[in-house]
2 protein chains.
Amino acid sequence: MSEASVPTTAAAEPATAKGEQTRRLILDTAMRLFRERGYTQTTMRAIAKEAGVAVGNAYYYFGSKEHLIQEFYAGTQVEHRAAATPVLRRESDFAARLRGVLHAGIDANAPYHAFAATFFKTAAEPTSPLSPFSTESSGAREASIALFREVVEGSTAKVDPELRADLPELLWLAYMGVVLYWVHDRSPEQAKTRRLIDGATPLIDRLVGLSRLRVLRPVTREVMQLIRSLRQ
Amino acid sequence: MSEASVPTTAAAEPATAKGEQTRRLILDTAMRLFRERGYTQTTMRAIAKEAGVAVGNAYYYFGSKEHLIQEFYAGTQVEHRAAATPVLRRESDFAARLRGVLHAGIDANAPYHAFAATFFKTAAEPTSPLSPFSTESSGAREASIALFREVVEGSTAKVDPELRADLPELLWLAYMGVVLYWVHDRSPEQAKTRRLIDGATPLIDRLVGLSRLRVLRPVTREVMQLIRSLRQ
DNA sequence: ACCAAAACTTGAACACGTTCGAGAAAGGGG
DNA sequence: CCCCTTTCTCGAACGTGTTCAAGTTTTGGT
């Protein structure tokens, strides 16, 4: 009774120069139309027509309409890193670094807030290859976690050694939470999300600091044990 | 540039006895087919045919295929309450009550785990009326929050007064988190979700207890301030 | 009992994502 | 240059969710 109804056709990697060119053309056209009309309003037929190819041709390079989004992920991930780099170079305080990287993440995604909501829906489905937890997304996910590893390692904060190894992944998880909130955030300029970041960052900072305290060590250990056993 | 492409046709409330009967018939048929074949595999045509009505008739009572799910929500919500009642009657310890209610929630949803994942995807979309945060879902949501209010009020735990009013909603939010984990949980019998509940409950209990401490009062207040400002 | 309004029902038609068999173009070994 | 394999391209056709104008049935007032 598996619910998997995901398209079966695998997308082809271009092997010729012409193929490469066509693929790019379709992708660029799709991204433009997504921005102009939104995801749902953009039909595969429109993409094909606008790109001057047959609709079947688009499916030769991209397994489904959703697959067009994966490229988008990779793009914003790169922008996130770019936006985060200055902060990571400048700041050494843990809270400031975390705060900066979180804001940079929202900055990178901000231009797409209008239709980000629409395709986040597909990302939320566990079976979807677009899920941030899926193996297909592992590339972008690892890159994102690496960013948070830099947050930890480049900071002057003293972190419980028990916690240190897993902290980057936990921060990434917190980042996913922020993004989830951001997607639902209807306030102008998504100001509430900014407030969430500013409010949550010092709390996380304090929590991480407390983890080193002698009295709290057992709790820290217990929590880490639980988290590890829950990792899938 | 609103992405809202949700069906416009509003579902009709049955006004006659016959209408009531037809509505029930369609709903029951749909639920049965969802269980038998899963959500995606069940077509609206199949539902109509199996129920012996025209496909347009189904749309007279339910605005869209997704709307059929909303009833499902209400159903499991009732089951959740039923499963939680004995625990709430028996236990007085906060942690035990919370743990019991969370387990009851998973119990109520367990039979539908296979296809719960599929429609959780649509629930995650902010614009969707199926979102647990939407106004359309406010009925089921309020009922669910009420359950957690009972967890707090019936317990012997001393809670910071600042926190007390909002705690039920926060616990409901935690419950949403548990459900999110559960949807992604591929372990046999979703054992990991059970472990998450057992592990997280004492932590929450401890946290709530700590909130009363003199030293932590400012932090508690600060956190509550932030949460209130973020509520949408 | 009658009749107009409201409630309900119908199924063909539409738009969309996706598939597929068949053909065209490119590549590359001889 | 030829020929065969791989790569690419096409667009009609399928299945699906959804709509709608047109009919049928029920209700409630007189």
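In the text below, chain A, chain B and the rest are named by the order of the sequence lines, each starting its count at 1.
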Note to self: Rounding to an integer number of Å, can you tell me how far A:Y59 OH sits from D:dA12 C1'?
What the structure shows: 15 Å
Notebook entry, point to check: Judged by atom type as modelled, is there a donor-acceptor pair below 3.5 Å linking the side chain of B:T201 to the main-chain atoms of B:D198?
Noted result: no
Check: Would you write out the dot-bracket form of DNA chain D, 5' to 3', with Watson-Crick and G-U pairs under 3.5 Å, [ ] for crossing pairs, | for pairs to other strands and . for unpaired bases?
Finding: ||||||||||||||||||||||||||||||
Notebook entry, point to check: Is the CZ atom of A:R24 crowded by more than 12 outside heavy atoms at less than 6.0 Å?
Noted result: no
Item checked: Sidechain N-carboxylate O distance under 4.0 Å for B:E91, B:R99 -> no
Check: Which value, rounded to the nearest 0.5 Å, describes the distance between B:E169 atom CD and B:R149 atom CZ?
Finding: 8.5 Å
Check: For A:R89, does the CZ atom have more than 12 heavy-atom neighbours from other residues, nucleotides or ligands under 6.0 Å away?
Finding: no
Next item on the list: Name every residue in residues 24-32 of chain B that has at least one heavy atom under 4.0 Å from any atom of DNA chain C, in order of residue number, or write none if there are no such residues.
Entry: none
Check: Can you tell me if CD on B:E142 sees more than 12 non-hydrogen neighbours from other groups inside 6.0 Å?
Finding: yes
Checklist line | Whole-Å distance separating the NZ atom of A:K65 from the C1' atom of C:dT19 | finding: 17 Å
Margin query: So, using side chain to side chain contact (heavy atoms under 4.5 Å, CB included) as the criterion, who are the partners of A:E20 when residues are at least two apart?
Written below: A:P14
Next item on the list: On the 0 to 90° scale, with breaks at 30° and 60°, tag the B:Y175-B:H80 ring pair as parallel, tilted or perpendicular.
Entry: tilted
Next item on the list: Can you tell me the distance, in whole Å, between the CD atom of A:Q21 and the P atom of D:dT7?
Entry: 18 Å
Check: Pick the nucleotide of DNA chain D nearest each of A:R23 and B:V55; which residue has the one closer to the 5' end?
Finding: A:R23
Note to self: Are the side chains of B:L68 and B:F34 in contact, using a 4.5 Å heavy-atom criterion?
What the structure shows: yes
Checklist line | Ring center gap for A:Y112 and A:F72 short of 6.0 angstrom | finding: yes
Check: Between B:I106 and B:I197, is any pair of side-chain heavy atoms under 4.5 Å apart?
Finding: yes
Note to self: Applying a 4.0 Å non-hydrogen cut-off, can you work out what A:V53 is touching in the nucleic acid: base, sugar-phosphate, or nothing?
What the structure shows: sugar-phosphate
Notebook entry, point to check: Got a sec, which residues hit ring pair (Phe, Tyr, Trp, His ring centres under 6.0 Å) with B:H103, two or more places apart in sequence or on another chain?
Noted result: none
Item checked: Residues A:V223, A:L163; criterion side chain to side chain contact (heavy atoms under 4.5 Å, CB included); working and verdict -> CA-CA 9 Å; A:V223 172; A:L163 177 60; over 6 Å; no
What nitrogen or oxygen pairs link the protein and nucleotides 6-8 of chain C at under 3.5 Å?
residue: C:dC8; atom: OP1; partner: B:A15; partner atom: N; Å: 2.8
residue: C:dC8; atom: OP1; partner: B:T16; partner atom: N; Å: 2.9
residue: C:dC8; atom: OP1; partner: B:T16; partner atom: OG1; Å: 3.3
residue: C:dC8; atom: OP2; partner: B:Y60; partner atom: OH; Å: 3.2

Check: Got a sec? Which of residues 42-50 of chain B come in under 4.0 Å of DNA chain D, heavy atoms?
Finding: B:T42, B:T43, B:M44, B:R45
